[in-house]
Amino acid sequence: MKRFLPIIFVLLFTPWIDRLFAKPIAALLTVCACIFLYALVMRVPNDSKKIYTAVLTALFVVLTVFQITTTKRQFLFEISNDDNRYQQEKLDSYPPVKIPISNKTLWIPAAHWFEGRSEYLAYYRIEENLFENLDPGNYFFAMAPRPRTGVDEFEKFLYIFLPFFVYGLYKLIRNNWEVVVLTTLPFLALLSLVGNSNPLGAFTLLPIIAVAVAVGMKPLFQCKNRIYLYVLIVLTLLVYIQIIAYQSYV
Amino acid sequence: MSRMLSLLLLTIIVVLGAFLRFYKLAEIPSGFYVDEAAIGYNAYSVIKTGADEYGKTWPIFLRSYNAYSSPMYMYLTTFAVSAYGLSIWSTRFLSALVGSMSIVVVYLILKNIDVIKSRLSVIATVTIFTISPWSIFFSRGAFEANLAFLFLCVSVLAIFKSKERKWLFVLAVAILSISTYAYQAQRLIAVFLTGYSVFWVFRPKSIRGLFNKFTITSAIVFVFIQIPQILIMTKPAFGSRAGGLFYKDDVLTQSDKIPLPYFVSYLLSFIREFGAKFVSYLSPRSLFHLPDPDTQRSIPELSAFYSWVVIPFLVGIYQLLKLLKREYVQFVVALTIITILPAALTTDPFSTLRSLGLLLPVTIIITMGIDKLISYKPKITCLTLLLLIVISLIQLWRSYFVLFPTLYAKSWDYGYRELVQEIETRPDTKILIDENRNNPSYIKLAFFMQLDPEILQQSVDMPIAEDYYGGQEFVSDYQFQNIEVRNLVWDKDIYDEQLIIGDTLAISDDQAKEHELTKVFQIFDPSEKVVFAGFVTNPHAKCQKISFQNKLCDPYLN
């Protein structure tokens, strides 16, 4: 039980979990995924590894289904009136692009290739979705100071957890890179395609972030000199009060 | 990779970089921003009269419309303006030149970092730097920050070299001190970088170890160079720009929400605001996807770097953490923090201008990432890099050379050159230019008219001329020759025989009809939007319309 203190501590002070309880099953599954994932990276006995992996896979599959069903799908090729207007402005910007070949001229439809084709728009949207999920500000500062238009940004993790996240992620990549890859890349790819319009956020990524924070914090929990742990607890409480105050301010 | 091949490739890269920075320099960006006009015109004024537009000789801060910007770019631009005349090209020339020079300096810096093993990774990253939107954008406008960036790079190179030759540390500190006259943000960077470098170069084991002939000489040199700025430290000009940009009000508003003692709540609010902005400068979304939020400082659909560069960047971050005990890596981490500091203390969510110094440590991090990737799969990495660089050049052509001149022309104050051409066909006509929504027009007009500086100097109020650094409120009303620049006053100006010029919001077609104004010209930007329209007043017709009810109609009664 003592081994799990870091992950429990992180989950206790994660506003994202509170928000997830709007869908209690999703919240419970996410918490279970966090704990099982943490156990897996903390080197469970070999004979249990297969069971943990199987349980985790099942949990993530169900979470993925929840993620897709709770996300308002973004149609990558859909063009609004505003997109149309902007597209026309861009098309009008292009000079004629031509290559003279002997006494003939080869016209290059550069404007159409870049601005007229819907594939280019889809690519840009996929890129936008991907980078939104790669932004640490999304998870630790509610996307401040560059919030998205029309999105209800909310606090996910306490910003005081960020240094532990960086250190913990580094440790995970060094020691368990396969776990990091399997718990991030598929979900980043999925979210890039379906979009990020979800009032609960990209919660399929919550487990790896929470576990990274817990891994980063573990040395403090194991340190003989308890003063560092007490300082962390006090600071976490203060920041938690701050974040709850921001969220509840009307 | 042999040394000869490296040098050959570097030469090609420098030529490419110079081409990308000088090609159509006067045409793109289309328009000419007010800060550029202020620099160019003040350089012209210094050449002609030995003083700036206010008649001040050797200003330590360039007052121009109370911006109090750093003057070094202006002083150095006098050479280009003397040689090539006052023009957009001569004003931007210095930025393009230092932008091209910085390619070589960045190459030398990367070569000196011991954790970077492969010469190929240095060449690849220098190429990425050369074609990066961040570097190109600020090399193609008259930006003081770009000059400061070159100074920063040279000083970092000198710091690296001072590990072997300690006397170079004095030179590095001198350059850092001089750089504070190039851009305001450098003041903070110079102080922190100098302080950190003392520990990095000399590795003192005690406080006494800090004091040796090199550090003492450096301190004296630094302070000596700062004397002009120190002498006006108490004046508003010294801190007005920085003070105006800090987000004190946001912090106070947020701290009021927290039910904790004031000191604690203020500190927490500040940490969160600062932390959010700080992290934003290292966020992949800001560096590789989103353009700068200010359209005057951004390129359509291009970020600071191309989106694919996020991969070597993230690998580089991993390498940074892995090799954190190495001294060059520690320097890179410190440099990253120091270059973000000035920008993270201002209200802008992500300012590519104020954080331009960050371009150097991020470039180093990218190099570390590419170095790691090349060590895994050299052939695949090199081929992939080559392909991605070609694609990036196509993206650059699309966003910067095609879309940018058209879509963002208005953000670059497009239209003043054309406006002056119209004005010059009417030398005997009284002209009023509405100033309501335009940032100071007078300096742009003076630039394109190549107005005699003495005329502008004479139109300055005496209190301002006498207390140059006093920071009195800037009034944008100016009058010279047949031109008056101020806010349009409808109750008065339509009863005067003159040509009124404004944008479409200043004078609508309905207002023109109501007040008997006749449109005589329009100036369009590259996207066919009206930027200026000129209307001739017809006071007699207006007065007839209102049956001469207004007192201002008395002169037109007969």
Side-chain angles (χ1 to χ4, degrees), chain A residues 86 88-95 97 110-111 113-115 120 123-124 126-148 155 158-160 162-163 166-167 169-171 173-174 177 235 237-250, chain B residues 247 250 253-260 264-265 267-269 271-273 275-290 293 300-301 303 307-308 310 314-315 317-318 320-322 324 344 347-350 394-395 397-399 401-407 526-529:
Chain A
Y86 183 50
Q88 192 55 49
E89 269 187 51
K90 288 190 286 181
L91 280 165
D92 292 342
S93 305
Y94 278 77
V97 180
W113 285 350
F114 290 118
E115 316 306 336
Y120 195 84
Y123 164 76
Y124 191 77
I126 291 170
E127 189 185 284
E128 186 173 42
N129 294 335
L130 173 66
F131 278 101
E132 281 175 7
N133 289 318
L134 284 178
D135 188 350
N138 185 7
Y139 305 104
F140 296 96
F141 296 101
M143 217 45 129
R146 303 189 82 172
R148 293 165 287 186
E155 303 284 347
L158 303 183
Y159 59 85
I160 198 172
L162 178 58
V166 172
Y167 176 63
L169 188 64
Y170 163 71
K171 294 285 283 182
I173 293 172
R174 272 205 89 155
W177 67 269
L235 289 176
L237 279 168
L238 287 174
V239 173
Y240 191 69
I241 292 170
Q242 178 187 16
I243 297 307
I244 297 301
Y246 285 177
Q247 278 184 323
S248 36
Y249 188 82
V250 175
Chain B
Y247 38 83
D250 290 343
T253 308
Q254 295 292 74
S255 74
D256 285 343
K257 298 175 186 172
I258 306 171
L260 287 168
V264 176
S265 64
L267 192 61
L268 286 173
S269 301
I271 291 170
R272 192 179 184 282
E273 282 298 314
K277 285 183 166 54
F278 190 96
V279 167
S280 158
Y281 282 96
L282 291 172
S283 159
R285 185 168 166 246
S286 293
L287 288 172
F288 305 103
H289 176 68
L290 290 176
E301 297 178 20
S303 187
S307 49
W308 62 269
V310 70
L314 291 175
V315 174
I317 293 284
Y318 173 79
L320 204 72
L321 294 168
K322 189 174 162 189
L324 203 50
T347 48
D348 291 316
F350 183 79
I394 296 170
Q395 273 187 293
W397 170 79
R398 171 193 174 251
S399 285
F401 291 99
V402 174
L403 298 181
F404 173 57
T406 313
L407 300 181
S527 62
E528 307 288 311
K529 292 192 186 98

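Chain A is the first sequence line, chain B the second, and so forth, proteins listed ahead of strands; every chain is numbered from 1.
Proximity to chain B (any heavy atom under 4.5 Å) is shown, for A/Asp92, by neither the backbone nor the side chain. Using a 4.5 Å cut-off between heavy atoms, A/Ile243 touches chain B through its side chain atoms alone. Looking at A/Leu235, there are no atoms closer than 4.5 Å to chain B (heavy atoms on both sides), in backbone or side chain. Contacts between B/Ser265 and chain A at a heavy-atom distance below 4.5 Å are absent for every atom of the residue. Contact of B/Leu321 with chain A is made through backbone and side chain together, with heavy-atom distances under 4.5 Å. Both the backbone and the side chain of A/Ala142 have a heavy atom closer than 4.5 Å to some heavy atom of chain B. Of the two parts of A/Glu115, only the side chain, counted from C-beta on, holds a non-hydrogen atom closer than 4.5 Å to a non-hydrogen atom of chain B. Only the side chain of B/Trp397 comes within contact range of chain A, with heavy atoms under 4.5 Å apart. Interface residue A/Tyr124: backbone and side-chain heavy atoms are both found under 4.5 Å from chain B. Of the two parts of B/Glu273, neither the backbone nor the side chain holds a non-hydrogen atom closer than 4.5 Å to a non-hydrogen atom of chain A. With a 4.5 angstrom heavy-atom cutoff, A/Tyr94 touches chain B via backbone and side-chain atoms both. Neither the backbone nor the side chain of B/Phe401 comes within contact range of chain A; no heavy atoms are under 4.5 Å apart. For B/Pro405, no part lies under 4.5 angstrom from a heavy atom of chain A.
More than 12 non-hydrogen atoms from other residues, nucleotides or ligands lie less than 6.0 angstrom from OH of A/Tyr240.
Under the salt bridge (charged side-chain N to carboxylate O under 4.0 Å, His left out) criterion, B/Lys529 pairs with A/Glu89, not counting sequence neighbours.
Looking only at side-chain heavy atoms (C-beta outward), A/Phe131 and B/Ser307 come within less than 4.5 Å of each other. The shortest side-chain heavy-atom distance between B/Pro526 and A/Ser93 does not fall under the 4.5 Å cut-off. The closest side-chain heavy-atom distance from A/Phe140 to B/Val279 is not below 4.5 Å.
When atom types are taken as modelled, the side chain of B/Arg272 and the backbone of A/Tyr159 share no donor-acceptor pair closer than 3.5 angstrom. B/Arg285 places a side-chain N or O within 3.5 Å of a backbone atom of A/Arg146 that can act as its donor or acceptor partner.
Atom CG of B/Leu260 sits about 5.0 Å away from atom CD1 of A/Ile241, to the nearest 0.5 Å. Atom CD of B/Gln254 is separated from atom OH of A/Tyr246 by 4.5 Å, given to the nearest 0.5 angstrom. Atom CD of A/Glu127 sits about 11.5 Å away from atom CZ of B/Phe288, to the nearest 0.5 Å.
Between A/Pro145 and B/Ser280, the shortest heavy-atom distance links the atoms CD-CB, 3.6 Å. Nearest heavy atoms, B/Ile258 versus A/Ala245: CA-CB, 4.1 Å. Nearest heavy atom pair, residue B/Leu268 against residue A/Gln242, reads O-NE2, 3.1 Å. Considering every non-hydrogen atom in both B/Pro300 and A/Tyr86, the closest pair reads CB-OH, 4.3 Å.
Counting heavy-atom pairs closer than 4.5 Å to chain A, the top residue among B/Ser527, B/Pro293, B/Pro259 is B/Pro293.
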